[in-house]
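Shown next, in structure tokens, is the structure this report addresses.
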Number of protein chains: 2
Amino acid sequence: MSSLVEVARAAGVSVSTASRVLTGSSHPISAKTRAKVIATAEKLGYSPSALARALVSRSSRLIGVLVSDIVNPYFSVIARGIDDVASRAGYVTMLSNVDRRTSTEISRLRTMRDYRAAGVIIAGSGFEADPLAPDLAVAVGQAKEQGIQAVSLTSRDLGCPVITADNEGAAHDVTDHLLSLGHRRIAFIEGPPGMTTSKQRRDGFLACMNAANLSDVARCLPGGFDFEAGHLAAMRLIARPPLPDAILAANDEAAVGALNALRQAGIDVPGEISVAGINDLRLARFVGLTTVSLPLYEMGAMAAQHVIDALPGDATTTLLSHRVIPRETTARRPPG
Amino acid sequence: MSSLVEVARAAGVSVSTASRVLTGSSHPISAKTRAKVIATAEKLGYSPSALARALVSRSSRLIGVLVSDIVNPYFSVIARGIDDVASRAGYVTMLSNVDRRTSTEISRLRTMRDYRAAGVIIAGSGFEADPLAPDLAVAVGQAKEQGIQAVSLTSRDLGCPVITADNEGAAHDVTDHLLSLGHRRIAFIEGPPGMTTSKQRRDGFLACMNAANLSDVARCLPGGFDFEAGHLAAMRLIARPPLPDAILAANDEAAVGALNALRQAGIDVPGEISVAGINDLRLARFVGLTTVSLPLYEMGAMAAQHVIDALPGDATTTLLSHRVIPRETTARRPPG
DNA sequence: TTGTAGGCGTTATCAT
DNA sequence: ATGATAACGCCTACAA
């Protein structure tokens, strides 16, 4: 609307004086000029141009967020965590959907750099043997040279701090929960092939089974993170009896897909078989799914705080804690 | 990284020339200088400052999005629609959660104005008799004076174009679907009290019932847009038999809550009673819920396009079409 | 305590 | 075809 010069002119002071009072500078200002400036700024409806401010200060109050797909509740919860602390601190979130494509991550990262974002939070998981991973790391490095904070929400070799959930531990702990209910033959429906997060969760599952000397009855089958993948995997299981004692899916949505297939086939859950997931999304509550609650919101919130506080710590990895949430899709293994 | 002046200097040309070739201006440039500039820009990894560009052009390529809560899939689908067309056009989305608070909408709108957003898309519904509504309208007006496009995704008196779903028509049409299955005594679980969208959906339900001369057996009960509200409303219904023939909830999540209560009470859906919702979120597919598909993604996409194309049309209202999606929670009314 | 002036990185106008 | 220069709106030494 009205610019600083206009306010200054109207208040009969210089721009610097106006700037000083309006930015709350510690520079000494007489009480009366301060009052006058504030009053006229108020009257003129002055609001500083975030753009000009960012241009001169070489850093905006924008926080970039790279998610795979905001429609996926896993990411929307993270985004909410970010935005809550961001907006509380006067920052605003720039969101971008990258559909798990590293090339898109790179180009969006560049865009956010062009807006001199205070920081960029990379929420999606990486893939093993991703040929573009080094390029992303380079882009991250360049961003940092420009004073842009970068934080990854999955363990990814990007040369930036990592704030993440303990995927392996979470998978381990639900598996352990299943074992504690007396289940032995457990099937694990894997996440998307090649995805780091998928691998971590499978590793957690296998580690737990191995520790219980049950690696011979641990079974992994290809799956994915969506309903259909879970459904399909369960169908395959149903097609080749006997059923395992329990099924653990790599995430909640796939677990619900499996649950659905099982019940459609007339199989009683948890009477005949137990089912569990990972994430504890809202959906899990709706269907009474046993799962592990991951600190998604907290990851977002902490990452945003990290950016705002301009914290250092490039090689740092922060592991936030999870918690098994027993619900109605798991039960003690029936005798026999 | 390197600025335009650096590129110009390195290429041995003036900034204006460099600017002209790098912006793809139609201004005539000799082939060789053009090549030289492009080469050095490439070598120096030049990328224009979106900030400086926005400052001088008085408009950025940022699109503001105001949602109630991005975790709510209703909004995340809209956000996805926006971001898809935005990013395709080189724009980036600024997201803000306002938790249905008009005061927050106003302040966030101001923030986006301070970034000289190309436009702001207001996704959340308004409330009747909202004392702050005029203030929001004023803020929208000021934004427009600055050349910021504004688009509302619900019918709201903001002095800006409206691109929305036909909530009333959608509710009418599912109700009609229920009637076509032979149901007569239908209960409607309302949305959040006072919310415009709630009212529109209830109106659509009542209009359809009236038209069928069934207003005496149409029943509205207080509810909300979440699982718990739907659950509670259904519990109330169960507590006072006889059950209606069918239940229509103001949205999918509440419908799933109702479904859950019913089944927990041992009531067969759709054997004894039919249940339907509105929105057609992913969740509806998972549980086989009959619902109406609203053009959420399209609303977002079209609104973003509107902003990008800087279309006029202040008093315009665009109604996008919906479609009833019959699934497994509704069936023909059992005889007797 | 207040003011002057230079610069942040672009674009656009006006010369050359 | 190319170049100098004035904005855009703000911050921050440096002066006064």
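Naming: A, B, ... by sequence-line order, numbering from 1 per chain.
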Query raised in the report: Does A:Y115 make a side-chain N or O approach to OP1 or OP2 of C:dG9 shorter than 4.0 Å?
Result: no
Query raised in the report: So, does A:H27 use its side chain to make a donor-acceptor pair with the main chain of A:R20 at under 3.5 Å?
Result: no
Report summary line: 5'-most contact on DNA chain D (nearest-nucleotide basis), A:H27 vs A:S47, goes to A:S47
Report summary line: CG (B:L62) and OH (B:Y115) are apart, to the nearest 0.5 Å, by 9.0 Å
**Report entry** SB check A:D314 A:K144 (cutoff 4.0 Å)
**Finding:** yes
**Report entry** From D:dG3, C:dG3, C:dG9, nucleotide with atom closest to B:T17 side chain
**Finding:** D:dG3
Requested in this report: Would you indicate, yes or no, if C:dT10 has its OP1 or OP2 atom less than 4.0 angstrom from a side-chain nitrogen or oxygen of B:S19?
Outcome: no
Requested in this report: Kindly check if the number of other-residue, nucleotide or ligand heavy atoms within 6.0 Å of CG (B:D135) is above 12?
Outcome: yes
Query raised in the report: Between B:D114 and B:R108, is the closest basic N to carboxylate O distance under 4.0 Å?
Result: no
Report task. Could you check how far CZ of B:R9 sits from P of C:dT10, rounded to whole Å? Result -> 13 Å
Report summary line: Residues of residues 51-61 of chain A with a heavy atom under 4.0 Å from any atom of DNA chain C, listed by number, are A:L55, A:V56, A:R58
Query raised in the report: Mapping A:A31 and A:V15 onto DNA chain C by nearest heavy atom, which one lands closer to the 5' end?
Result: A:A31
Report task. Please work out if B:S49 contacts a base, only the sugar-phosphate, or nothing of the nucleic acid, heavy-atom cut-off 4.0 Å. Result -> sugar-phosphate
Report summary line: Atom CG of A:L22 and atom P of D:dG9 are separated, to the nearest Å, by 15 Å
Query raised in the report: Hey, is the side chain of B:R20 pairing donor to acceptor with the base of D:dG3 inside 3.5 Å?
Result: yes
Report task. State whether the distance check finds a donor on one side and an acceptor on the other, under 3.5 Å, for side chain B:S16 versus base D:dA4. Result -> yes
Report task. Rounded to the nearest 0.5 Å, what's the gap from CZ on B:R9 to OG on B:S14? Could you check? Result -> 12.0 Å
Report summary line: Closest of C:dT10, C:dT4, D:dG9 to the B:V5 side chain is C:dT10
Report task. Spell out yes or no: do the side chain of B:T23 and the base of C:dT10 have one donor N/O and one acceptor N/O closer than 3.5 Å? Result -> no
Requested in this report: Might you point out which heavy atoms bring A:I148 and A:R113 nearest each other, and give the distance in Å?
Outcome: CD1-CA, 3.6 Å
Report task. Please work out if B:I29 contacts a base, only the sugar-phosphate, or nothing of the nucleic acid, heavy-atom cut-off 4.0 Å. Result -> sugar-phosphate
Query raised in the report: What is the distance from CZ of B:R116 to C1' of C:dT11, rounded to the nearest Å?
Result: 16 Å
Report summary line: A:S3 has its side chain closest, among D:dG3, D:dA13, D:dG9, to D:dG9
